[in-house]
Amino acid sequence: MMRILGVLGLLAALYAGLVGTYVDNAPGFEPASRTQERIQGNLIDVASIQGRYGVITLGAALVIITGGIDLSIGAVVGFSAVLFGVLTERGVHPFVALPLVVACGGFVGWVNGLLITRLKLQPFLVTLCGMFVYRGAARLLAGTVSRTATVEAQPDFAGSLQFLRYVLVGKDSTGELQFPAQFVVLLVLAAVVGFFLHRSAYGRYWFAIGHNELAAKYAGVNVDRQRAWVYVVCSALAGLAGVLLFLDSAYVQADSGGQYLELYAILGAVLGGCSLRGGEGTAVGMVLGAMVLPVLENLVTIRGLKSDLIPTVIGLTLLAGTILDEFIRRRQRARH
Amino acid sequence: MMRILGVLGLLAALYAGLVGTYVDNAPGFEPASRTQERIQGNLIDVASIQGRYGVITLGAALVIITGGIDLSIGAVVGFSAVLFGVLTERGVHPFVALPLVVACGGFVGWVNGLLITRLKLQPFLVTLCGMFVYRGAARLLAGTVSRTATVEAQPDFAGSLQFLRYVLVGKDSTGELQFPAQFVVLLVLAAVVGFFLHRSAYGRYWFAIGHNELAAKYAGVNVDRQRAWVYVVCSALAGLAGVLLFLDSAYVQADSGGQYLELYAILGAVLGGCSLRGGEGTAVGMVLGAMVLPVLENLVTIRGLKSDLIPTVIGLTLLAGTILDEFIRRRQRARH
Amino acid sequence: GKKDTAAKPKVGIITNCVDPFWDLCEAGANKAAKDFDVELVFNQPKSGDGDIQKPVIDAWVSQGFSGIGVSVIKPKEQTDDLKLVAKKSVLVTMDNDAPDSGRVCYVGVDNKEAGRAVGRLVKKALPNGGTVALFIGSVTSANGQARPAGVLEELATPDKNGLAGRHPSRPELSGKFYGNYFLVDGEPKIDDMVKEKAASNAQAMLSRLDGVPDVCMVGLYAYNPPSILEAVRSKNLVGKVKIVGFDENQETLKAIADGHIEGTVVQDPYNYGYKTVEVLAAEARGDKTKRVAGSAPYQVITRDGGPDQTINSLHIKFPKAGDYLTAMREQLASVKR
Amino acid sequence: MTTPRVTAAAVSKRFPGVVALDRVSLTLAPGEVLAVVGENGAGKSTLMKILAGVYQPDEGAVELDGRPVRFAGPAEATAAGVVLIHQELNLAENLTVADNLFLGREVTAGGKLLVLNNRVMTERAAALLARVGLPADRVTRRVETLPPGEKQLVEIARALGTAVRVLIMDEPTSSLTQRETERLYEVIDALRRDGVSVLYISHRLAEVKRCADRVTVLRDGKNAGELARADVTHDNMVRLMVGRDMKSFYPKVHRSGTGGKPVLSLAGLRYRNGPDTPVSLDVRAGEILGMAGLVGAGRTELAEAVFGVRQLAAGSLTLDGRPLTVKSPADAIRAGVFLVPEDRRLHGLVTAESVGFNLSLPNLDRLRSRFGLHRRAEAALHATWIEKLRVKTPSAAQTVGLLSGGNQQKVVYGKWLARGPRVLVLDEPTRGVDVGAKAEIYALVDELAGRGVAVWMITSDMEELLGMSDRVVVMHEGHLAGELAGAAVTEEAVMRLATGGEAG
Ligand SMILES: Nc1ncnc2c1ncn2[C@@H]1O[C@H](COP(=O)(O)OP(=O)(O)OP(=O)(O)O)[C@@H](O)[C@H]1O
Ligand SMILES: Nc1ncnc2c1ncn2[C@@H]1O[C@H](COP(=O)(O)OP(=O)(O)OP(=O)(O)O)[C@@H](O)[C@H]1O
Ligand SMILES: O[C@@H]1[C@@H](O)[C@H](O)OC[C@H]1O
Ligand SMILES: [Mg+2]
Ligand SMILES: [Mg+2]
């Protein structure tokens, strides 16, 4: 609970800053309703990005809860986007390609999991190698992929692709963003993850493993299997995020699609209350944590900050948020 | 000891591959001595890069030994290179700028260390924020820096810059690489690090902290101070690596100089036998671990691999090396 | 054992990043390698450490490559290193020049000139002036500096050349005036080559410019125009907000053909590759006649195209987007990936 | 009268929700051995930590040689000669024994560089180890390769290496067998002669009787009384600790004592990286099979092999006459074979989680419902076992790690009892458990055996072994040295077998 207060405070401040910027900058002649409309439009843009971040954050957070780490997330996102593009371009129906890509992501996670649990390799190392491998695999598949290329090659798929795009990304056939569907996807997935994490036996196993793998093993938990599963889920979610990226973007470039996302996902998870020592985290926290970076980036962009200033401002804000969070937790702890 | 065998095997294979490629590809008319000369030239080039990697690997490894992590290394390298460029361009003598930049790196590490030990923030998070902050700081300082720009602004410094360049990088005034001075720098620093790690009480503290912080604390070790010191050393070494980068390179861009180096440094440390769980590592291992990636990258270049294939080959080779290493360790463990 | 490879010279080309742009170049280079019987290694390095190219070039030199083509990133700074290369091998610069490096010739356009062509497209899109936003990956490399400079030079008038001020109808926006054009924030918006950031940059800009008439968004790296278009679509502003691009990204060309993007300025990377290898192959055999002089002409692509023109003593073509796209695909298809 | 070496005057310490110490006082004379006893959670460790500078008291004062002191940390206390050997091991196990002996006070060549003088340290290390009875070859071994008992001895040797004036030992013998314990008494006697004051905490009251000059008793964070040397008897201590008399300490109420059919049988069992000698034995229904041996005799490893933690290399297991394949603890648990492990913090509990979390962990498969877990059934399970085992905790939501050692141990029992064992393997079943709780655990185990559960009890506590076992097997260096039953089960016979002698 208290783990959530810090990130909530941070988010509140950022959103307040955002709305304040719009209100302050509203031209004198503009009616308030118009300002509100513009704010809303911008918040939808942000929510859309938050949704996709959130999806991978969920996966990263689960891995972190079990005491692991996955640095291959960004590469898997890129790979999956490219794979989806290549598959559909070559005639695999989008409705088939979607589960296929997600399954493929899951397979990647299974390989990661096997290497980590069977060969007892360090997760950092395995997934760092994975980062190279899957990035390379994407490049071997294609240089770039795009909806237009797919539709050109497979005109029949236009409708189904557009359907997926509307349902998963919220963009209509003209490309207009109607609603932040990706955020809806995130909420649905977060509910599922939250159920498993907080309401089912599996969640207990994951927390137990994260805190004390040996104790979990001695209590009869199949530690290897559970850990492997968590990697599967993480990479499958990255696979889904890849499809979202494909559907949302003008085009995806194999060498860079999804770049840095593993860091952002881990950041979101940690801001949301996961400890990299394992054993801590909540589904609500993950969603909140994932919301931070996109709104922060939006805020600095909207305020027209000089590009050279942006990284510093982002870094310092995140740090301030982290410190705030720590103080709130200390307070709470002292009170009890 | 056994931790070193795996990486030694990997290195041996890579170097053998390298030499083999030269011998196989040598034109029929070429005398063997010429081939040998070419091999040697290439090995010197590789050693030069290995040297700079090694310098940051030492720092990353020390942090890892105490159970921490530093993701800001690459950003600090970039920042330091830019800082050195800006200082000298504005008239600070290179001999003054060098210790200043290293000290500045140390200061950055001190801040990291304070945040981690005093505010009890997670190292991953602190240094990830640091990555943004220092990258941004570099951009605020300048867009690009270069020796040519410095010499243009301060013609007097040409000699001293060239002196530093020769001593630290091994390049003569035409820019020709005479000897891998950076590797020499690495060896000297590794000897110093090795001394502290294996021959002085500090090393004992670091190992103890990495494995069981509480035990160290109860034994009277000033854990916070030691941990902070290790971050100071790590960032100071990154600062030095920044100067090396500046001296070695045609130019350094603030937005990308040193990018990814934290990952490579951590990779080197882990390949060299450090465990990310803390408490393990040797100076010799660090040097060997840092040697892997440059020679591997060189090998794929020399073999004329398609660029799309390169990441995959690198990832798989590293993975194979890791697995080999694990098997050797198991063997050894079973034998005892 | 030693192979008798004496007959076939080895040449290498190294680019400044990974991009579909360079895939086209690679296609051209491969074609030329076949045509002129050389062994080619084409390297698209991942950006990162300051000197991404040097280790590769050094390795090639040590392997005795007879010629090397380089897309220079920072001409002045790299000159010294390139001189060493030129001493041991034949050096051709392409895409970005380093005139004093001892290279035998340069294959590529003048980025500043090409930037001016972009500026003219902006003027065409907003003949009465308006609000302009520039988007680019980075402003530290030579082309990242030359292109925006060219655009702004073309828009500027002597009295209004970077004059700081506030937007006439939206005073909360600060920026700079170049002639009748207001550049938002007074600088290009940078995305650090992160494509998703390029998209969110464009989106946020549209959000800020909501309601402002006569807007033109300019994307100066290959991936920028499609990212801008995607953002414009997401706000249902296609046609209302003008887009001008750079480079021959397929998405850009398609959008021009559809009338969603005003136009783009292209460099013909296929020919960069082809020509560079041709020169290197000739040089390896002692033939110096293939060298090219001056910079190559860029081309300006719009939906309807137009007659050739001579601009600043360059012969400039104005192809139709559809035609150019078709030709480009043929080039790509000629080489299987 | 001489000034006391240590005085604690009306010391209080509160933790969130708990008053650990409520105006507790204590004095310790130079050269005196004072035992501190009390039930689990009475506040013994907390008091010791305050004396040693790990905690600072909320109220009250501590004096050393008549001067008030307030140590900011353990380092300051050590510098003043007050050394605490913690209840839980605190070694840097990745370092060698010598490194640990000198951690924080290395012998160096002087100067800021702190260059290690390994030669001197190795010599001194060997001498220190000799004092606690460890052979010199341990000096260069990594601590993680030592069995728990030896680690404990290393901790003690470490303390002896300092300029100690007040040595505080918090349950030093909980993982020692009798022989090592005897050795420790000798060390204590020597210290006493040198004028060193010793504070000694133990739940093994026989030990207290053996070595204490005086006993102070804590109950519920308060002073409950003091016993002079002459009055130190088992019954007196127990009365002050629990506030009442306690009879029938080792109950044999429910068991027939003869044992029924073999439930679990080990036939020619060997495990990977284990000793070459195969082990065969039966654990019978309704009996308690005691297993004795010296530190490192291989009892824990054997139990772990049966529980699926170690891979079997040869031989077979039989459960109720049917072959049993165990590849992981999950397999063993499915078959009803449960292990109460020796190291509860490492293997027995997820200490950062709650009491309820731990009680549920192996039982989640039975609490499953269509919508996740049966919340109500789970709450009922928690309530039942907290009550049945009288776990002293504010609620099921309390973090297990914050409970006293004995209560933690009860939670470990609870999670298995909730599941219903067929075979219960107890490895040091009452390690760190107070007399009251011990009695409760013994009664519980007796009852289980009475219900036909086969109990295999590994213990280094001779009293417990003799008091509880129906039959005793003794291990020596990885093999079964012999079996004793009925009247033949005597301390001498067990020791003879454990040290490699023949059965009498
Ligand atoms: N850090 C802590 N936070 C919260 N409660 C604590 C903490 N340490 C001890 N306690 C509580 O204080 C009380 C006293 O604990 P203490 O460890 O001193 O008992 P003890 O007498 O040593 O018991 P045992 O014989 O089991 O070791 C217990 O109720 C315990 O749960
Ligand atoms: N004399 C010894 N010296 C060092 N190590 C030993 C010795 N004897 C046994 N060991 C180690 O101890 C392990 C067996 O210990 P185990 O914990 O199974 O014994 P135990 O009988 O349960 O003793 P403990 O009372 O320490 O738990 C073996 O793996 C061995 O490595
Ligand atoms: O230098 C190249 C540039 O000319 C083109 O615009 O995009 C790709 C770059 O690598
Ligand atoms: Mg205690
Ligand atoms: Mg044991």
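None of these values were measured; they are calculated from a predicted model. Numbers restart at 1 for each chain; the letters A, B, ... are given by sequence-line order, proteins then strands.
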- Message: Please evaluate residues Leu316(A) and Val133(B) with respect to the criterion side chain to side chain contact (heavy atoms under 4.5 Å, CB included), reporting the C-alpha separation (whole Å), side-chain torsions for both, the decisive distance (0.1 Å), and the verdict.
- Response: CA-CA 7 Å; Leu316(A) 290 177; Val133(B) 174; 3.9 Å; yes

- Message: With chain A as the partner, which of Leu309(B), Leu125(B), Asp255(B), Ile314(B) has the greatest number of non-hydrogen pairs under 4.5 Å?
- Response: Leu125(B)

- Could you pull out the closest heavy-atom pair between Lys120(B) and Arg330(A), with the gap in Å? CG-NH2, 3.6 Å

- Any chance you could lay out the side chain to side chain contact (heavy atoms under 4.5 Å, CB included) test for Leu318(B) and Phe132(A), step after step, and finish with the verdict? CA-CA 10 Å; Leu318(B) 292 176; Phe132(A) 286 99; 4.3 Å; yes

- Message: So, applying side chain to side chain contact (heavy atoms under 4.5 Å, CB included) with Phe124(B), which one of Leu267(A), Ile64(A), Leu276(A) is it?
- Response: Leu276(A)

- Does any heavy atom of chain A fall under 4.5 Å from the side chain of Ser275(B), the backbone, both, or neither of them? both

- Query: When rounded to the nearest 0.5 angstrom, what distance separates SG in Cys129(B) from CG in Leu271(A)?
  - Reply: 7.5 Å

- Stepwise side chain to side chain contact (heavy atoms under 4.5 Å, CB included) test for Met131(B) and Leu263(A): CA-CA 11 Å; Met131(B) 176 168 148; Leu263(A) 286 184; 3.5 Å; yes

- Query: Looking at Arg277(B), Arg135(B), Glu326(B), which makes the most heavy-atom pairs under 4.5 Å with chain A?
  - Reply: Glu326(B)

- Query: At a heavy-atom separation under 4.5 Å, does Tyr134(A) approach chain B through its side chain, its backbone, both, or neither?
  - Reply: neither

- Among residues 292-308 of chain A, those lying within the under-4.5 Å heavy-atom range of chain B are Ser307(A), Asp308(A)

- Query: Does any heavy atom of chain B fall under 4.5 Å from the side chain of Ile310(A), the backbone, both, or neither of them?
  - Reply: neither

- Message: How close do Gln122(A) and Cys274(B) get, counting heavy atoms only, and between which atoms?
- Response: NE2-O, 3.5 Å

- Test side chain to side chain contact (heavy atoms under 4.5 Å, CB included) on Leu115(A) and Leu319(B) and set out the steps. CA-CA 10 Å; Leu115(A) 290 170; Leu319(B) 201 56; 3.8 Å; yes

- Quick one: what part of Leu128(A) sits under 4.5 Å from any heavy atom of chain B, side chain, backbone, both or neither? side chain

- Cut-off 4.5 Å, heavy atoms of chain B, and the answer for Leu119(A) is both

